[in-house]
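We name chains A, B, ... by the order of the sequence lines, and we start the count at 1 in each one.
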2 protein chains.
Amino acid sequence: MEFSIGELSKRTGVKVPTIRYYEQEGLLNTPIRTEGNQRRYLQGDLERLGFIRHCRDLGLPMPAIRDLIELSQHPDKPCSQANRIAIEQLKSVRDRIRHLKKLEAELKRIATSCEGDHTVLECNVLKAFGDHSLCREEH
Amino acid sequence: MEFSIGELSKRTGVKVPTIRYYEQEGLLNTPIRTEGNQRRYLQGDLERLGFIRHCRDLGLPMPAIRDLIELSQHPDKPCSQANRIAIEQLKSVRDRIRHLKKLEAELKRIATSCEGDHTVLECNVLKAFGDHSLCREEH
DNA sequence: CTTGAACCTCTAGTTGCTAGAGCAATTACA
DNA sequence: TGTAATTGCTCTAGCAACTAGAGGTTCAAG
C-alpha cells in the first residue's frame, strides 16, 4: 500500500523526475519519507497523479490543473469553474486547429510550387518562404 | 539606405530584442556599427529578416530556417532540400492537427458532460479529467 | 547644448519538463 | 550477513524561441 517513486512512475507512466517536479510545483502533496529520506506514496497520490497526467495529455496548462485540484478539495462548492476551464481549453484547442489549417494550406501550396527539380536560384519554394505577399490568406 | 535596429524592427514587425537574438543565433549577419557601436542595416538585411519572419510565421523551427538560408547562399545547387523541408513541415503540421482534433473531441465531450450546475463532488467534468478510461479514443 | 528617445550589453525568466553529477539508501542474491 | 546492483536523493543546467529588466551610452531634434 506504500510505494516508492519508481513504482508510482511505473503505474502512471509519469517519469520519476517529472513526479518530483510536480511535487515541487505543488501539484502533488509532499509525501511521507522513509528513515533514509526516500519518498513513499499512498493510493491517493496515485489517483492524483493519474488526474494530472490525463489533464496534461489533454493539453491543460499547469495553472489550470492547479485550479482543478484546488477545486476538488472543496466538494461542496459549485463546479461551474471546472466547466469553465474545460470550455476554455476547448476554445484554445479550436483556435490552434484553425491556425494550423491555414498553415497547412500555405505549406501545401509552397511544397507543391516546385518539385525540387531546379536550382536554388529559381526555386519557388524558397521564393514562397521569403515572400508573405504570395500567400493566399493571412496566417 | 542605412537604418537602425528600430527602423528594421518597424519595417519587419520583428521586435528589437528578437532581431538581436537572431543575430546571436547566426540567422542574421553581424551588421556594421556606427562609431558609437550601434547597429546599422542595409536592404539585404531587411529581406533576410523578412524571410526569417515568414518562415517563423509558418512554424518552421530555427534549424530548418538555418538550412534554408545556408541553401540560398548557393544559387547553383539543386533545390530539392528546400522542397524536403517544406514537405516535412507540412507533415508535422498535419500531425499536430490530427492530434488536436482528438483532443477537441474529448474536450467537447468533457465540457458538455456537466453544465456546471452541481457541486464539485458529483461533477462529471472533474471525473472526466481524472479518468482516461472514460475517453472514446486514444489521445 | 540639452533633453529624451533609442540604443547598448548582460542576466534572468518563461513552460514543462529532461539530463547529468555525485552521493546515499534499498533490495536481491549468495 | 556481505556485497553488488538498482534505485533513490539533491542540485544544477539545458531545451526553444524568445521576452523583460537593469544600468549605462549614443543619437537626433529643437
Asks: What's the CG-P distance between B/L60 and D/dC18, to the nearest Å?
Replies: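 Rounded to the whole Å, the gap is 12 Å.
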Asks: Going 5' to 3' on DNA chain C, which nucleotide is the first and which the last to come under 4.0 Å of a heavy atom in chain B?
Replies: C/dC7 to C/dT9
Asks: What residues in residues 35-56 of chain B put a non-hydrogen atom under 4.0 Å from any atom of DNA chain C?
Replies: B/N37, B/Q38, B/R39
Asks: Check the phosphate of D/dA17 against B/Y22, side-chain N and O only, distance under 4.0 Å to OP1 or OP2. Yes or no?
Replies: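 For D/dA17, neither OP1 nor OP2 has a side-chain N or O of B/Y22 closer than 4.0 Å.
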Asks: So, OP1 or OP2 of D/dT19: does either fall under 4.0 Å of a side-chain N or O from B/K15?
Replies: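 Indeed, a polar side-chain atom of B/K15 lies that close.
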Asks: In chain order, what residues pass the side chain to side chain donor-acceptor pair (under 3.5 Å) check against A/N29, with sequence neighbours excluded?
Replies: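 Once residues adjacent in sequence are excluded, A/N29 has no partner under the side chain to side chain donor-acceptor pair (under 3.5 Å) criterion.
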Asks: Given the rule in the side-chain contact (heavy atoms from CB on, under 4.5 Å) test, do A/I85 and A/Q89 qualify, once you have shown the distances and angles that lead to the verdict?
Replies: CA-CA 6 Å; A/I85 288 171; A/Q89 177 61 9; 5.5 Å; no
Asks: To the nearest angstrom, how far is A/Y21 atom OH from D/dT10 atom P?
Replies: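 Atom OH in A/Y21 sits about 17 Å away from atom P in D/dT10.
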Asks: Within the pair B/S4 and D/dC27, is there a side-chain N or O less than 4.0 Å away from OP1 or OP2?
Replies: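 Looking at the OP1 and OP2 atoms of D/dC27, neither is under 4.0 Å from any side-chain N or O of B/S4.
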Asks: If you assign A/T18 and B/K10 each to the DNA chain C nucleotide with the nearest heavy atom, which residue ends up on the more 5' nucleotide?
Replies: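 Going by which nucleotide is closer to the 5' end, it is B/K10.
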Asks: Nearest whole Å is fine: how far is D/dG21 P from B/R20 CZ?
Replies: 15 Å
Asks: Enter the distance from A/T34:OG1 to A/R39:CZ here, rounded to the nearest 0.5 Å.
Replies: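 So the gap between those two atoms works out to 10.5 Å.
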Asks: Would you list the pairs meeting side-chain hydrogen bond (donor to acceptor under 3.5 Å, both in side chains) in which at least one residue belongs to residues 98-108 of chain B, sequence neighbours left out?
Replies: A/R94-B/E104, B/D95-B/R98, B/E106-B/R109
Asks: Roughly how many Å is it from CD1 in B/I19 to P in D/dA17, rounded to a whole number?
Replies: 18 Å
Asks: Of all the heavy-atom pairs spanning A/A111 and B/N83, show the shortest one and how long it is.
Replies: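 Scanning both residues, the minimum pair turns out to be O-ND2, 3.1 Å.
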Asks: I need the full list of ring-ring contact (aromatic ring centres under 6.0 Å, His included) pairs touching residues 29-64 of chain A, with sequence neighbours left out, sorted by first then second residue.
Replies: A/H54-B/H132, A/H54-B/H139
Asks: Report the distance from atom CD1 of A/I52 to atom CG of A/L60, rounding to the nearest 0.5 Å.
Replies: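 Interatomic distance, A/I52 CD1 to A/L60 CG, rounded to 0.5 Å: 11.5 Å.
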Asks: For the pair made of CZ in B/F3 and P in D/dC27, what is the distance, rounded to whole Å?
Replies: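 In whole Å, D/dC27 P lies 18 Å from B/F3 CZ.
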Asks: Show, in sequence, the C-alpha distance, side-chain angles and deciding distance for B/L58 and A/I110, and conclude whether the side-chain contact (heavy atoms from CB on, under 4.5 Å) test is met.
Replies: CA-CA 11 Å; B/L58 288 166; A/I110 289 170; 3.7 Å; yes
Asks: Contacts to DNA chain C from residues 91-104 of chain B, heavy-atom cutoff under 4.0 Å, which residues?
Replies: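 Nothing qualifies; none.
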Asks: Quick one: B/E23 CD to D/dC18 C1', roughly how many Å, whole number?
Replies: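 It is 16 Å, rounded to the nearest whole Å.
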Asks: side-chain contact (heavy atoms from CB on, under 4.5 Å), that's the test. Do B/C79 and A/V125 meet it? Break it down for me.
Replies: CA-CA 8 Å; B/C79 64; A/V125 170; over 6 Å; no
Asks: Mind listing the closest non-hydrogen atom pair of B/T119 and A/D76 along with its distance?
Replies: CG2-O, 3.6 Å
Asks: For the hydrophobic clusters of this structure (ILVMFWY residues joined by side-chain heavy atoms under 4.5 Å, transitively), does one cluster hold both A/L134 and A/L126?
Replies: no
